[in-house]
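Protein chains get the first letters and strands the later ones, always in sequence-line order, with residue 1 at the start of each. Note that the coordinates shown come from a computational prediction; the quantities given were computed from them, not determined experimentally. Just so it is clear, the values below take in all heavy atoms, side chains as well, and ignore hydrogens, waters and symmetry mates.
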2 protein chains.
Amino acid sequence: MNLKELSAILGLSPTTVSRALNGYPEVSEATRRRVLAEAKRQNYHPDTRAKRLATGRAMTIGHILPVSKEHEMVNPIFADFLAGAGEVYAGAGYDLSLAVVRDEDEAEAYRDLARRGTVDGVVLHGPKLDDPRIPLLRELGLPFVVHGRSTDAEGDYNWVDVDNRRAFARAARHLLDLGHRRIALINGLADMDFALRRLFGFSDALAERSLPVEDRWTAHGEMTETYGYETVRGMLEAHDPPTAFLVASIIPALGARRAIHDMGLRIGDEVSVVIHDDALSYFRNEGTPPVYTAVRSSVRKAGRLCADLLLQSIAEPNRAPDHILLEAELSLGQSSGPAPRLFRQRKSR
Amino acid sequence: MNLKELSAILGLSPTTVSRALNGYPEVSEATRRRVLAEAKRQNYHPDTRAKRLATGRAMTIGHILPVSKEHEMVNPIFADFLAGAGEVYAGAGYDLSLAVVRDEDEAEAYRDLARRGTVDGVVLHGPKLDDPRIPLLRELGLPFVVHGRSTDAEGDYNWVDVDNRRAFARAARHLLDLGHRRIALINGLADMDFALRRLFGFSDALAERSLPVEDRWTAHGEMTETYGYETVRGMLEAHDPPTAFLVASIIPALGARRAIHDMGLRIGDEVSVVIHDDALSYFRNEGTPPVYTAVRSSVRKAGRLCADLLLQSIAEPNRAPDHILLEAELSLGQSSGPAPRLFRQRKSR
DNA sequence: CACGTCATTCAAAGCGCTTTGGACGCAACG
DNA sequence: CGTTGCGTCCAAAGCGCTTTGAATGACGTG
């Protein structure tokens with residue numbers, strides 16, 4: 001059943017039927033109703049391919065899932081982000097096209113998307129400092145919104161980001177208020193923009209109390225469970241271990257927990273942990289109080305907001321870039337407590 | 001730059017240029033070379049939309065990401081699976097279209113995909129017992145491959161699955177060999193096909209030693225960290241706790257670990273844990289020996305195989321359905337050890 | 001009553017590609 | 001020398017939709 005057949009049945013021209021279905025005003029209400037009724041009866045659904053060619057719009061948003069070369073690592077927050085964005089796309093009649101690409105081929109992948117006209121816009125994930133993808137997308141003329149921001153990237157662009165600096169300052173202050181003075185930051189990869197902002201926030205809070213940021217207590221790495229385990233374990237085994245850890249995601253925090261237990265220490269008592277919680281659906285930080293003290297911001301919500309913003313800027317191409325800055329709230333959980341009174345002694349393995 | 005312009009530049013008809021570019025034989029080698037060279041020089045790339053309309057093929061594979069209603073839960077293995085499948089699609093010139101859909105709308109989503117012609121085939125995720133989506137897809141005439149299998153679903157269909165029954169029997173035997181007699185199964189949702197097979201495998205191994213499957217030691221649920229924590233904690237608090245846990249995924253196993261520690265018990269010593277490991281990229285079960293004793297099977301590899309199989313069956317529509325059964329290997333880790341000699345006493349909270 | 005206006009409808013021309021059904025020239029063949 | 005066959009190439013007809021420009025008729029107006 002295609003448009004031609006349907007209009008033949010109705011005794012109307014394809015023009016009128018098309019307009020009736022797409023809500024154009026130059027068709028009488030009576031005819032519109034008749035058309036809609038018949039379309040439903042015939043179970044007519046316009047062919048997407050033809051529609052796309054005729055309108056020149058792909059009605060599709062592109063997401064590029066970069067896979068890091070060394071570890072074949074997939075960003076664990078990706079699925080939840082997509083779940084949020086996907087909801088919005090579905091509601092607006094858009095499809096979501098996902099391209100899995102090796103890190104180093106990412107620029108070419110964007111070029112390809114723009115050229116082939118398969119997408120009307122893209123979401124840029126995991127921005128780095130001065131990210132080259134931003135000028136690239138601008139040059140390609142492809143509407144985009146960045147999940148995160150890119151320090152030093154010139155020019156304005158759409159973004160949705162958490163106030164990471166403020167969140168981490170808040171988290172660090174919480175630990176400082178509890179009396180901790182030896183605080184470690186278990187951060188993400190150093191070239192990620194969010195990691196820098198988190199470091200700044202951490203450092204802001206320490207500076208307020210005139211404390212220095214110690215290199216040995218600042219780790220950067222891909223946020224896996226193993227990374228959390230190894231760095232925390234390493235720090236705890238040193239002769240002057242931290243009493244608190246600020247961990248950039250719940251996943252390395254799980255490794256941190258394992259390390260702390262393996263060292264025979266108790267979380268929230270002998271060692272405090274505060275995390276950034278992306279509210280991943282399979283890692284709800286639940287309980288009363290929640291398992292982890294956390295600065296929380298739902299990545300799924302960020303997905304929804306990114307999608308909204310992108311669809312808007314596709315609808316109005318000349319709109320000025322917009323920004324959404326999300327606040328992360330601190331919620332107290334079981335994993336943080338007062339700094340131990342006595343300077344904790346090193347325990348053996 | 002489109003085909004018409006390109007052929008004008010070359011002084012050839014669009015027909016010939018199209019054939020030259022698509023490798024048809026009825027064009028001389030000299031012309032083909034000339035066309036290819038000019039296409040590259042002009043940076044010509046055919047418009048995907050037009051190509052799709054003209055060929056009637058979408059050159060796209062659909063994946064439906066169902067979001068469970070109650071917990072807004074996204075399957076954590078999804079991202080890694082897509083990373084594997086996506087690699088294959090990219091290599092074959094296919095796009096990947098992802099639809100985020102509420103559980104209850106899934107059937108309609110498949111209908112929609114088939115009707116609108118946006119995809120050439122789909123991958124079916126998370127099959128349940130006698131899954132209605134299988135006859136539906138068959139009726140829609142949409143090529144598909146199932147990641148997993150569906151017990152009782154009539155008729156043959158493409159699938160890629162792990163031998164869950166064998167894997168769980170093997171895992172349970174390992175625990176039995178270590179002397180455990182009180183073994184709990186922390187399984188996935190009861191209506192998932194894989195969960196049933198795992199239960200069968202578990203039960204096979206117990207039956208070999210004439211042990212019954214105890215209901216109180218068999219849990220079914222959505223595989224979150226919290227689920228692992230709560231069920232394991234509940235079982236450990238009972239008056240006759242299990243000495244070993246067989247956990248269906250690394251994620252509830254993290255909760256299990258937390259519960260065991262909260263009870264003041266040591267993993268691999270006082271309590272053994274064996275997991276099914278999907279080899280998620282952000283949860284590498286690493287170390288020497290690895291953290292968890294596990295039956296392992298890479299979900300990413302499954303993604304690649306599903307994609308391969310699907311592309312094959314799209315290429316040859318009349319091919320008989322094919323099946324790939326993956327073996328999960330047991331790898332010994334730190335989390336399992338001999339059953340405690342003395343019947344362990346209950347410890348207080 | 002002639003005319004402009006408006007609402008409603010339609011024919012036809014795209015969108016950029018593929019593919020069918022020749023056309024043309026040349027070599028080989030009887 | 002006419003025919004056949006082959007290698008190359010092309011014109012034109014789609015694919016199923018949207019959209020431009022025009023036609024038609026009804027209506028109100030001077």
Take atom [atom1] of [X] and atom [atom2] of [N], then tell me their distance rounded to the nearest Å.
{"X": "B:R34", "N": "D:dC9", "atom1": "CZ", "atom2": "C1'", "result": "12 Å"}
{"X": "B:R33", "N": "D:dT8", "atom1": "CZ", "atom2": "C1'", "result": "15 Å"}
{"X": "B:E29", "N": "D:dT8", "atom1": "CD", "atom2": "P", "result": "9 Å"}
{"X": "A:Y44", "N": "D:dG16", "atom1": "OH", "atom2": "P", "result": "10 Å"}
{"X": "B:E26", "N": "C:dA23", "atom1": "CD", "atom2": "P", "result": "17 Å"}
{"X": "A:R32", "N": "C:dT9", "atom1": "CZ", "atom2": "C1'", "result": "13 Å"}
{"X": "B:M59", "N": "C:dT18", "atom1": "CE", "atom2": "C1'", "result": "14 Å"}
{"X": "B:N2", "N": "C:dG16", "atom1": "CG", "atom2": "P", "result": "6 Å"}

Exercise. Is A:R32 atom CZ crowded by more than 12 heavy atoms from other residues, nucleotides or ligands, each under 6.0 Å away?
Worked result: yes
For this session: Mind telling me whether B:F144 and B:Y157 have parallel, tilted or perpendicular rings, with 30° and 60° as the class edges?
Result: parallel
Problem set entry | Below 4.0 Å: OP1/OP2 of C:dT19 and any side-chain N or O of B:T55 | no
Exercise. Is the distance from OP1 or OP2 of D:dG7 to the nearest side-chain N or O of B:Y24 less than 4.0 Å?
Worked result: no
Exercise. Backbone N or O of A:R49 within a donor-acceptor pair of the A:D47 side chain at under 3.5 Å?
Worked result: yes
Exercise. Under 3.5 Å, is there a donor-acceptor pair between the B:D193 and B:S150 side chains?
Worked result: no
Problem set entry | Side-chain ion pair, B:R115 and B:D112, N-O less than 4.0 Å | yes
Seminar exercise, completed: Of the candidates D:dC9, D:dC17, C:dT8, the side chain of A:D47 sits closest to D:dC17
For this session: Would you mind reporting whether A:V162 and A:K301 have side-chain heavy atoms less than 4.5 Å apart?
Result: no
Seminar exercise, completed: Between A:W159 and the options A:H323, A:H147, A:H125, the ring-ring contact (aromatic ring centres under 6.0 Å, His included) test singles out A:H323
Seminar exercise, completed: By nearest-nucleotide position on DNA chain D, the 5'-leaning member of B:P25 and A:R49 is B:P25
Seminar exercise, completed: Numerically ordered, the residues 3-22 of chain A set in heavy-atom contact under 4.0 Å with DNA chain D is A:L3, A:T15, A:S18, A:R19, A:N22
For this session: For A:S28 and for A:A54, locate the closest nucleotide of DNA chain C by heavy-atom distance; then report the residue assigned to the nucleotide nearer the 5' terminus.
Result: A:S28
